[in-house]
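Report on one structure; see the data block that follows.
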Amino acid sequence: MTNLLAYIENNQSIYLEELKDFLRIPSISTDPERKGDIVRCAEWVAGSMKSIGLENIQIFPTEGHPVVYGEHLHAGKDAPTVLFYGHYDVQPVDPLHLWTSAPFEPTVRDGKIFARGAVDDKGQVFMQLKSIEAHLKTNGKLPVNVKVLIEGEEEIGSVHLEEFLRKHAQMLAADTVLISDTAMFADEVPSLCYGLRGLSYMEVTVTGPNRDLHSGVFGGAVANPANALASIITKLIDDYGRITIPGFYDDVLPLTHEERREYAQLPHDEAQYCKELNIPATDGEFGYNTLEKTSARPTLDVNGIWGGFTGEGAKTVLPAKASAKISMRLVPNQNTDDIAKKFEAYVRRIAPPTVHVEVTNLHGGNPAITPIDSKGVKAALRAMERAFGKKPLLTREGGSIPIVLLFQNILNAPVVLMGMGLNTENLHSPDEHFTLKNFYRGISASAFFYEELAK
């Protein structure tokens, strides 16, 4: 262990410069003009895998962006096999004027590295690669068999990953899947995520007359689609914060007493939370605290609403059409397709008969949960305690990573979500950054994880 930690500490300055090279590549997966940069980034990842000692390195083309694979399988057939998954693509940088420094010219300020992809997910991918390197350079081997899979489409929904996993399931077979694309609860509060919410994202359009009408001439006799839409929305949640869609909660996996005890240990300051958001009080489902409501309970939110006249001044119009985008965050064991069907049926049922209603299922993903008593989770908890010097807590996250369920279903391997980022580090926003002390400790924690899993 001493040699391992010494190697990591002695190479921190090298790690930082190499990470900067990685971050300089503008691998924006949603931008067709960046396709060449995506390919260049995949090649950079493959080169980094080779330099640290991984073998059988391949760049697999897909109908979209390439997948990079490498492995080191010399721990023996009785040793567990870990598949590490990450992504090298990044989000767009707009609005550019809100960046303090150029998004693809990495800059260190106040112990943090600022760049697009710094924490989501290039910094965390590189952290894992360096942990593997530390073992190979100090011991000449890894305590477990390791496979590495880095894709280039996570930020656009991993559209070709399922096909890739099914086609290469034998090559990717593993006992545990390790992902570093999540966050710790807070700085100096190490934690391990074991659950993610799913998503069902819908659009509702209400149509009335065949054109906008004068509200003085027709108002009172012709149904107003904006009024009708508002009425539909208000009926989706009751006064206790409960979603009123029939059957919505049928499959919800309730929190256990043990899980609620874990939540109670998390250092949450309700007053500070409200102050930071400039809100008078929190809202939501009665009977649950804020952390439970934002990560372990299902939700329904209007994400956008439009229709009629919204310009300066006044225009007395009865709009012909009004629309809203509505998302529902789902929890284990809810199913996104089932919820979408129940949502549509209920909206049509409560809509007034004086308007036409169209409901569109835009996209979705199922929730995922990893058993906290799995070998991988237990190994990760021990590894993080060694790296941070304190016992990590267990948390769930309110967001969605649909690929987690893909790994569990296709490879039949439990997933460990061991991220070192923070939710305050501007993921998907201007001035994205990664706290360097957590980056370096993450290298140690990841290296320890392979040792702990081998025990």
Item to check | Pairs involving residues 419-442, ordered by first then second residue, that meet salt bridge (charged side-chain N to carboxylate O under 4.0 Å, His left out) (sequence neighbours left out) | outcome: R116-E432, D187-K437, E188-K437, E188-R441
Next on the checklist: Test side-chain hydrogen bond (donor to acceptor under 3.5 Å, both in side chains) on E270 and T290; report intermediate values, then the result.
Outcome noted: CA-CA 8 Å; E270 187 80 359; T290 295; 2.8 Å; yes
Checklist entry - Can you find a pair of side-chain heavy atoms, one from V416 and one from T370, that are under 4.5 Å apart? => result no
Next on the checklist: Go through it in stages, so that I can follow the logic: the residues are H65 and I156, the test is side chain to side chain contact (heavy atoms under 4.5 Å, CB included), and I'd like the CA-CA distance, side-chain angles, deciding distance and then a yes or no.
Outcome noted: CA-CA 10 Å; H65 301 315; I156 53 174; 4.3 Å; yes
Item to check | Residue pair S200, L330: steps toward the side chain to side chain contact (heavy atoms under 4.5 Å, CB included) verdict | outcome: CA-CA 7 Å; S200 185; L330 312 179; 4.3 Å; yes
Checklist entry - Are side-chain heavy atoms of Y88 and F22 found at a separation under 4.5 Å? => result yes
Checklist entry - Looking at side-chain heavy atoms only, is the closest gap between P80 and K375 below 4.5 Å? => result no
Next on the checklist: So, using side-chain hydrogen bond (donor to acceptor under 3.5 Å, both in side chains) as the criterion, who are the partners of Y346 when residues are at least two apart?
Outcome noted: T244
Item to check | Parallel, tilted or perpendicular: rings of F439 and F434 (30°, 60°) | outcome: perpendicular
Next on the checklist: Less than 4.5 Å apart, side chain to side chain, heavy atoms only: is that true for D31 and P92?
Outcome noted: no
Checklist entry - Looking at residues at least two apart in the chain, or sitting in another chain, which of them share a side chain to side chain contact (heavy atoms under 4.5 Å, CB included) with E452? => result A379, R382, A383, R386, K455
Checklist entry - Would you say the side chain of I8 lies within less than 4.5 Å of the side chain of Y440, judging by non-hydrogen atoms? => result no
Checklist entry - Have Q124 and Q128 got a donor and an acceptor in their side chains that come within less than 3.5 Å? => result no
Checklist outcome for this item: By salt bridge (charged side-chain N to carboxylate O under 4.0 Å, His left out), K130 pairs with (sequence neighbours left out) E18, E133
Using a 3.5 Å cut-off and no angle test, enumerate the donor-acceptor pairs between side-chain atoms of residues 47-57 and protein atoms at least two apart in sequence or in another chain.
from : atom 1 : to  : atom 2 : distance (Å)
S51  : OG     : S48 : O      : 2.8
E55  : OE1    : H74 : NE2    : 2.8
E55  : OE2    : H74 : NE2    : 3.2
N56  : OD1    : Q58 : NE2    : 3.1
N56  : ND2    : E71 : OE2    : 3.4

Checklist entry - Do the side chain of Y201 and the main chain of G365 share a donor and acceptor less than 3.5 angstrom apart? => result no
Checklist entry - Does some side-chain heavy atom of V90 sit less than 4.5 Å from a side-chain heavy atom of D120? => result no
Checklist entry - Do any pairs count as a salt bridge (charged side-chain N to carboxylate O under 4.0 Å, His left out) and have a residue in residues 145-159, sequence neighbours left out, and if so which ones? => result none
Checklist entry - Ring centres of F60 and H168 under 6.0 Å apart? => result yes
Item to check | Side-chain heavy atoms of D251 within contact of D338, under 4.5 Å | outcome: yes
Checklist outcome for this item: CG of D121 to NE2 of H87, rounded to nearest 0.5 Å, is 4.0 Å
Next on the checklist: Can you tell me how the ring of F126 sits relative to the ring of W44, calling it parallel under 30°, perpendicular over 60° and tilted otherwise?
Outcome noted: tilted
Checklist entry - About how many Å separate CD of Q12 and CG of L436, when rounded to the nearest 0.5 Å? => result 9.0 Å
